[in-house]
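In what follows, a single structure is set out as structure tokens and then discussed.
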Amino acid sequence: MPESLTRDENAANVPNKSFFITTPIFYVNDAPHIGHAYTEVATDVLARWHRQSGDDTWSLTGTDEHGQKILRTATANGVTPKEWADRLVESAWRPLIDTINISNDDFIRTTDARHEEGVAKFLQKLYDEGHIYAGEFEALYCVGCEEFKPKSEIVDGTGAFEGEKVCAIHSKPLELLQEKNYFFKMSAFQDRLLALYEERPDFVQPASARNEVIAFVQQGLEDLSISRTSFDWGIPIPWDSSHVTYVWFDALLNYATAIGYGSDDEQFARRWPATHIVGKDILRFHAVIWPAMLMAAGVEVPEHVFAHGWLLVGGEKMSKSKLTGIAPNEITDTFGSDAFRYYFMRAISFGHDGSFSWEDLHARYHAELANGFGNLASRVVAMNAKYFGSVMPGAVESEISDEDRAIRELAAAVTAAADEHIERFAVHEAIAAIWQLVDALNGYVQEQQPWALAKDEAQQDRLATVLATATEGLRALAELLHPVIPLATAKLWAALGAEDAIGALAAQPLRSAGQWGRLPAGTPQQPLAVLFPRVESENESK
RNA sequence: GGGGCGUUAGCUCAGUCGGUUAGAGCAAAGGACUCAUAAUCCUUCGGUCGUGGGUUCAAGCCCCACACGCCCUACCA
């Protein structure tokens with residue numbers, strides 16, 4: 001045990017450890033679906049966990065608003081790109097944050113002045129220090145689209161164009177054209193990146209993602225074209241205003257500009273480096289390009305880049321074109337934001353792909369939230385009301401049994417286990433650990449039969465002890481589950497009268513949630529409304 | 001073509017360094033109980049671990065091949 005003592009002491013000696021966590025910034029042209037919401041929720045659970053644990057936490061999300069696609073859509077709708085972005089941010093992306101109850105500390109838009117200024121400074125620094133050079137960019141150009149085409153929009157021609165590459169939209173041959181671009185010397189960082197992955201095995205997580213990144217970099221890195229001249233909706237290149245910045249180079253910098261890169265050195269020093277939570281599709285940008293950019297600028301690389309998996313619907317990646325895209329409010333309107341958060345965090349192993357189905361959501365909602373946690377809270381609070389006039393009963397020392405001690409030990413054990421799991425980004429395992437306490441308490445109440453004790457005058461002390469144990473268990477659960485299901489735990493906290501007795505729920509030190517006897521005997525309680533009302537199964541799609 | 005991941009109970013998934021009778025939840029069946037959201041608790045049922053080889057005293061786990069599925073291969077969480 002001396003080892004764990006040493007670790008605890010070290011932790012105690014580093015108060016207010018910084019924890020800066022980010023979601024990707026979302027491309028405003030997309031319609032928010034549960035995949036976006038999944039990323040947001042996972043990041044939020046981690047942020048809330050660290051914040052409630054006393055870490056100096058900062059969580060960031062936002063939107064990516066530059067690029068040709070947005071310019072094109074805006075023009076088609078007869079508005080400026082900025083107006084278009086404003087509209088989508090206000091109608092779609094900020095509402096998403098509310099829909100799933102995200103506690104972000106900041107929301108950055110790549111059209112914010114702070115961002116555009118920071119990007120310009122970053123670019124200038126790299127240019128001045130020789131990391132950027134002018135070169136010729138050669139790519140396939142579609143006359144119909146009037147733009148260079150990314151690979152995803154290039155297909156093999158058929159019929160008259162057999163053997164040629166054609167535009168996916170116009171089905172006409174593409175021309176090989178050149179334009180002057182500025183390039184970032186990313187290839188120069190290949191060895192340093194490989195050394196980084198080697199020296200810090202937890203830099204890219206999970207291990208499967210790390211393997212992919214290493215394999216990719218080992219194939220050899222090319223320099224990255226970071227400017228465009230064919231359109232103007234972007235951040236101008238500081239030394240050559242005929243170019244705008246490549247959208248990814250711009251977008252990645254949000255993580256730095258949001259916390260004061262180039263403008264507020266104190267804030268930047270306090271927050272950086274970040275932990276980035278990303279979908280596995282954009283892993284490469286975060287695990288290769290982004291650290292290379294930072295190395296060039298002489299800035300520390302991120303703490304971690306964690307790539308989560310896809311939500312699968314019917315065994316396939318969710319997609320709008322296959323009509324499997326689901327809007328978050330389709331779920332929250334019926335089940336609520338807590339259920340949304342709980343379901344995706346619990347049912348899916350974080351870092352792996354996971355299956356979504358309405359049946360599974362419905363089943364887990366009832367079995368785990370309504371019947372498990374919700375009903376436990378309901379029965380305990382009701383018995384406190386019925387047998388003790390709605391006050392917290394006091395445990396009687398001589399009546400404390402092995403069963404009570406087992407609950408206390410379990411509470412301490414699951415608290416420690418959950419914290420370790422969160423540290424490893426194993427959100428699903430953290431929740432599973434906490435749920436052991438939910439199940440144990442339901443079993444405990446069942447075995448101790450407080451309703452039978454209540455019928456015997458001689459058993460009043462034991463009755464008080466049993467309900468005190470059960471209620472303290474609820475107190476611990478409210479604290480432990482608050483990062484995941486903030487609304488339900490707040491309702492429970494209010495019913496327990498805990499806010500007046502020991503303070504706000506979000507202020508309860510999470511790593512001490514397992515400590516017993518925190519809720520004083522005699523604390524007045526309030527009736528508890530049903531936390532997770534049953535939902536009749538209806539027109540659920542298969 | 002190159003690469004990553006996966007294939008374990010009806011369903012969704014765990015399975016650590018190779019080590020005894022392969023686990024959980026849900027679903028299904030039976031029983032107990034009545035404080036509670038017809039909730040809870042107990043019991044039972046259920047698996048030739050994708051296929052074929054190999055290494056080993058011992059393989060779900062390591063090696064080889066194959067099959068199937070998903071994904072990446074330079075601007076979609």
Side-chain angles (χ1 to χ4, degrees), chain A residues 23-27 29-30 32-40 42 64 67-69 148 150-153 186 206-216 218-219 221-222 224-225 228 246-251 277-285 288-289 307-312 315-320 325 346-349 351-357 359-360 363-364 366-372 374-387 428-429 432 435 439 441-454 466-467 470 528-534:
Chain A
T23 72
I25 50 175
F26 300 111
Y27 205 60
N29 254 16
D30 294 337
H33 56 59
I34 58 176
H36 301 110
Y38 176 59
T39 309
E40 286 282 347
D64 181 8
Q68 194 158 20
K69 271 192 214 166
F148 287 98
K151 275 196 174 177
S152 56
E153 293 180 31
M186 189 162 71
S208 55
R210 174 172 177 263
N211 292 343
E212 287 215 21
V213 167
I214 291 173
F216 172 74
Q218 281 175 339
Q219 286 167 24
L221 290 180
E222 296 171 14
L224 185 71
S225 164
R228 298 290 185 271
Y246 165 53
V247 67
W248 262 108
F249 201 91
D250 160 0
I277 305 298
V278 301
K280 66 182 183 182
D281 56 319
I282 55 172
L283 171 64
R284 183 164 305 164
F285 298 96
V288 180
I289 298 176
H308 69 246
W310 299 116
L311 302 185
L312 305 179
E316 291 188 8
K317 175 182 168 183
M318 188 179 56
S319 87
K320 273 181 289 182
R346 174 66 192 268
I348 296 169
S349 179
H352 290 102
D353 291 352
S355 303
F356 168 82
S357 72
E359 291 78 5
D360 192 40
R364 282 184 181 271
H366 289 97
E368 296 167 18
L369 289 175
N371 300 350
N375 184 57
L376 172 68
S378 186
R379 66 197 302 208
V380 171
V381 171
M383 283 190 280
N384 285 336
K386 195 164 184 170
Y387 305 137
H428 56 294
E429 290 183 35
W435 226 257
D439 292 336
L441 282 167
N442 265 323
Y444 169 84
V445 170
Q446 193 64 32
E447 285 168 19
Q448 300 305 314
Q449 303 183 55
W451 52 90
L453 297 173
V466 167
L467 288 179
L528 178 64
V530 170
L531 293 178
F532 297 99
R534 305 189 71 76

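Naming convention: chains lettered A, B, ... in sequence-line order (proteins, then strands); numbering from 1 in each chain. Predicted, not measured: the structure shown is a model, and the values here were computed from it.
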If the [atom1] atom of [N] is compared with that of [M], how far apart are they to the nearest Å?
N: B/G3; M: B/C66; atom1: P; result: 12 Å
N: B/G50; M: B/A14; atom1: P; result: 14 Å
N: B/U8; M: B/G69; atom1: C1'; result: 16 Å
N: B/A38; M: B/A32; atom1: C1'; result: 15 Å
N: B/C62; M: B/U7; atom1: P; result: 11 Å
N: B/A59; M: B/G18; atom1: P; result: 13 Å
N: B/C11; M: B/A28; atom1: C1'; result: 12 Å

A/Met383 side chain: which of B/G3, B/C35, B/C76 is closest?
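The listed nucleotide nearest to A/Met383's side chain is B/C35.
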State whether [X] places a side-chain N or O below 4.0 Å from either non-bridging phosphate oxygen (OP1 or OP2) of [N].
X: A/Ser357; N: B/C11; answer: no
X: A/Arg534; N: B/A39; answer: yes
X: A/Asn371; N: B/U40; answer: yes
X: A/Asn211; N: B/C5; answer: yes

Ignoring hydrogens and angles, does a donor from either the side chain of A/Asn375 or the base of B/A36 sit under 3.5 Å from an acceptor on the other?
yes
Between [X] and [Y], what is the shortest heavy-atom contact and its length?
X: A/Tyr444; Y: A/Val466; answer: OH-CA, 3.3 Å
X: A/Lys280; Y: A/Asp353; answer: NZ-OD1, 2.9 Å
X: A/Tyr387; Y: A/Pro450; answer: CE1-O, 4.2 Å
X: A/Ala470; Y: A/Val445; answer: CB-CG2, 4.2 Å

Side chains of [X] and [Y]: does their closest heavy-atom pair fall under 4.5 Å?
X: A/Phe532; Y: A/Asn371; result: no
X: A/Asp360; Y: A/Ser355; result: no
X: A/Trp451; Y: A/Arg379; result: yes

Please name the nucleotide paired to [N] by Watson-Crick or G-U wobble geometry with both distances under 3.5 Å, or report none.
N: B/G19; value: B/C57
N: B/C35; value: none
N: B/A9; value: none
N: B/A65; value: B/U51
N: B/C70; value: B/G4
N: B/A14; value: none

[X] [atom1] to [N] [atom2], straight-line distance once rounded to whole Å:
X: A/Gln449; N: B/A32; atom1: CD; atom2: P; result: 14 Å
X: A/Glu447; N: B/A32; atom1: CD; atom2: C1'; result: 12 Å
X: A/Phe356; N: B/U12; atom1: CZ; atom2: C1'; result: 14 Å
X: A/Glu368; N: B/U40; atom1: CD; atom2: P; result: 11 Å
X: A/Glu429; N: B/A24; atom1: CD; atom2: C1'; result: 13 Å
X: A/Asp353; N: B/U12; atom1: CG; atom2: C1'; result: 14 Å
X: A/Asp439; N: B/G23; atom1: CG; atom2: P; result: 19 Å
X: A/Lys280; N: B/G4; atom1: NZ; atom2: C1'; result: 9 Å

Looking at every strand, decide which applies to [X] at a 4.0 Å heavy-atom threshold: base, sugar-phosphate, or nothing.
X: A/Glu222; value: base
X: A/Pro24; value: sugar-phosphate
X: A/Leu221; value: base
X: A/Ala370; value: base
X: A/Phe285; value: sugar-phosphate
X: A/Ser378; value: base
X: A/Gly443; value: sugar-phosphate
X: A/Tyr387; value: sugar-phosphate
X: A/Leu224; value: nothing

Quick check on RNA chain B: between A/Ile25 and A/Trp451, whose nearest nucleotide comes earlier from the 5' end?
A/Trp451
If you assign A/Ile277 and A/Ser208 each to the RNA chain B nucleotide with the nearest heavy atom, which residue ends up on the more 5' nucleotide?
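Mapping each residue to its closest nucleotide by heavy atoms, the 5'-most match is A/Ser208.
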Geometric class of the A/Phe285/A/Trp248 ring pair [parallel <30°, tilted 30-60°, perpendicular >60°]:
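Because their plane-to-plane angle is under 30°, the rings of A/Trp248 and A/Phe285 count as parallel.
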